[in-house]
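Everything below concerns the one structure shown next.
For clarity, every value in this text was computed on a predicted model and none was experimentally measured.
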Amino acid sequence: MIHPGDDVELAEEEFRLLRDFIHERFGLYFEDNQKPTLRSRLLGRLAGLELASFEDYYRYLRFSPERSDELQRMISHLTNNETYFYREAPQLKVFSEHVLKSLKDRKTKTGAKNLRILSAGCSTGEEPYTLAMVVHDSAQFFWNWEVAIVGMDVDQKALEKARKAVYHHNSFRSMPPGSEERHFAREASGASVKDAIRRLVHFRWGNITDPASYDGLSGLDAVFCRNVLIYFSDGMIRKVVGLLYQALAPGGYLFLGHAESLSRITDLFSSIRFQGAMVYQKPLLPEVGGSRS
């Protein structure tokens, strides 16, 4: 038996086996210089399973009857669930003032009254609830509009927290004035999201690298996949962006993190630059006669 503090080395071959396995299953990619990071994040799992080496752990992930449960425990150790409400405010301003108005105007012309948004890699729920607050506060989607915001993540523990919808001080560090009072109810264990916002948000388990995870998510109006792709290889980014492209409706919008770019990945999207924010748009279908709407 080993203990979390034991000095178990991660050999090069073990590192490559684990890195490739993680990349294949979850899209996360650890560069050669991140071997110490991978070792430190997984060392506790060896202790928990009473395994003597990382090779044993790799074999456990591949062949153990309990491997599915361990994959869920492992992903909680590998992912960064650091998030908070109203993260990257310039993007949210663009979403509120430009994107939502554009979507409302376009749908009004067709008579459609639905708005569908995906938060891909939603972690503990702060982002999808933020999007629901922004949509609610825009006052553009009441009166028989159907609003559905889906939060999807591969980490079941994070999703459990998201569904509870109870948050603490650190999640509120970027809240605009008045938003906390409007959308949260104070209770002994923290602050809970009010029902008017919770009704707009649904959570589901999904791996954004797996096409099957997008079942039922076609025709999306907007996708937020922020600060997720920075952990992926270029090849995996290309795959995920292709899946998001397919899930979006023509004219739909893609929001990435401020440090993420599609410039060397794909030309599927048109880029729209705003002050302090970049947004990507799936091309609209041409109207009859060849003009674009």
Side-chain angles (χ1 to χ4, degrees), residues 41 44 48 69 72-93 95-97 99-100 114-208 213 216-217 220-228 255 257:
R41 292 185 180 181
D69 291 340
Q72 280 301 313
R73 297 187 191 96
M74 181 182 72
I75 197 64
S76 294
H77 287 259
L78 294 178
T79 52
N80 178 10
N81 288 324
E82 169 65 14
T83 185
Y84 47 90
F85 294 108
Y86 287 85
R87 190 176 187 179
E88 299 193 22
Q91 279 194 346
L92 296 174
K93 181 179 174 69
F95 176 63
S96 174
E97 297 180 0
V99 169
L100 288 180
N114 56 72
L115 182 69
R116 303 186 72 214
I117 299 169
L118 171 65
S119 170
C122 69
S123 186
T124 48
E126 284 91 336
E127 178 175 86
Y129 286 130
T130 293
L131 299 177
M133 294 176 217
V134 172
V135 171
H136 183 278
D137 291 347
S138 75
Q140 297 187 73
F141 299 94
F142 297 118
W143 307 110
N144 299 320
W145 274 81
E146 179 189 347
V147 176
I149 298 168
V150 177
M152 183 169 74
D153 204 273
V154 73
D155 187 341
Q156 291 279 23
K157 292 180 72 173
L159 289 174
E160 288 174 13
K161 293 180 181 179
R163 292 188 179 103
K164 290 177 181 176
V166 177
Y167 296 93
H168 303 91
H169 176 73
N170 199 45
S171 293
F172 294 95
R173 58 185 186 269
S174 290
M175 289 287 284
S179 293
E180 185 175 348
E181 291 74 15
R182 276 197 309 277
H183 298 306
F184 291 83
R186 279 285 163 192
E187 50 186 64
S189 58
S192 61
V193 181
K194 290 183 178 178
D195 287 346
I197 299 301
R198 292 185 69 167
R199 282 195 293 267
L200 304 180
V201 182
H202 309 277
F203 294 98
R204 60 189 279 176
W205 182 91
N207 183 339
I208 67 170
S213 293
L217 289 178
L220 296 170
D221 296 301
V223 172
F224 283 73
C225 186
R226 303 190 296 174
N227 306 304
V228 177
F255 289 80

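- R186 CZ to E181 CD: the interatomic distance, rounded to the nearest 0.5 Å, is 8.5 Å.
- Nearest heavy atoms, S171 versus E126: OG-OE2, 2.8 Å.
- Surrounding CD of E146 are at most 12 heavy atoms belonging to other residues, nucleotides or ligands under 6.0 Å away.
- Residues S179 and R182 form a side-chain contact, since some pair of their non-hydrogen atoms from C-beta on lies under 4.5 Å apart.
- Looking only at side-chain heavy atoms (C-beta outward), C122 and L159 come within less than 4.5 Å of each other.
- Annotation: side chain of V134 is in contact with side chain of Y86 (closest heavy-atom distance under 4.5 Å).
- Counting heavy atoms from C-beta on, the side chains of R87 and T130 never come closer than 4.5 Å.
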Next item on the list: Using the side chain to side chain contact (heavy atoms under 4.5 Å, CB included) rule, take V154 and W205 through it: C-alpha gap first, then chi angles, then the decisive distance, then the call.
Entry: CA-CA 6 Å; V154 73; W205 182 91; 3.8 Å; yes
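- No hydrogens or angles considered: nothing links the side chains of D153 and S123 as a donor-acceptor pair under 3.5 Å.
- Taking CD1 of I197 as the start and OG of S192 as the end, the distance is 12.0 Å to the nearest 0.5 Å.
- A donor-acceptor distance shorter than 3.5 angstrom exists from the side chain of Q72 to the backbone of Q156, with no hydrogens or angles considered.
- The line from CD of Q140 to CG of L115 is 9.5 Å long, rounded to the nearest 0.5 Å.
- When all heavy atoms of I208 and G121 are compared, the pair lying nearest together is CG2-N, 4.3 Å.
- Residues I75 and K157 fail the side-chain proximity criterion, which asks for heavy atoms closer than 4.5 Å.
- Checked by atom type and distance alone, the side chain of H136 never pairs as donor or acceptor with a backbone atom of F141 at under 3.5 Å.
- Crowding of H169 atom NE2: a count of heavy atoms from other residues, nucleotides or ligands under 6.0 Å not exceeding 12.
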Margin query: For N207 and S213: C-alpha separation, side-chain torsions, deciding distance, then whether side chain to side chain donor-acceptor pair (under 3.5 Å) applies.
Written below: CA-CA 6 Å; N207 183 339; S213 293; 5.9 Å; no
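- In terms of heavy-atom proximity, F184 sits nearest to A191 at CD2-O, 3.9 Å.
- Once rounded to the nearest 0.5 Å, the distance linking NZ of K161 with CG of D155 reads 8.5 Å.
- Closest approach of L131 and I117 over heavy atoms only: CD1-CG2, 3.9 Å.
- Note that CD of E97 is 11.0 Å distant from OG of S138, once rounded to the nearest 0.5 Å.
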Item checked: Full working for side chain to side chain contact (heavy atoms under 4.5 Å, CB included) between R116 and L217 -> CA-CA 9 Å; R116 303 186 72 214; L217 289 178; 4.2 Å; yes
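- Minimum heavy-atom separation, I149 to V135: CD1-CG2, 4.5 Å.
- The shortest non-hydrogen separation linking R41 to L78 is NH1-O, 2.8 Å.
- Between V193 and Y167 there is a side-chain heavy-atom pair separated by less than 4.5 Å.
- A distance of 6.5 Å separates CG in D221 from CG in N114, rounded to the nearest 0.5 Å.
- K194 is not listed as a side-chain neighbour of M133, based on a closest heavy-atom distance of 4.5 Å or more.
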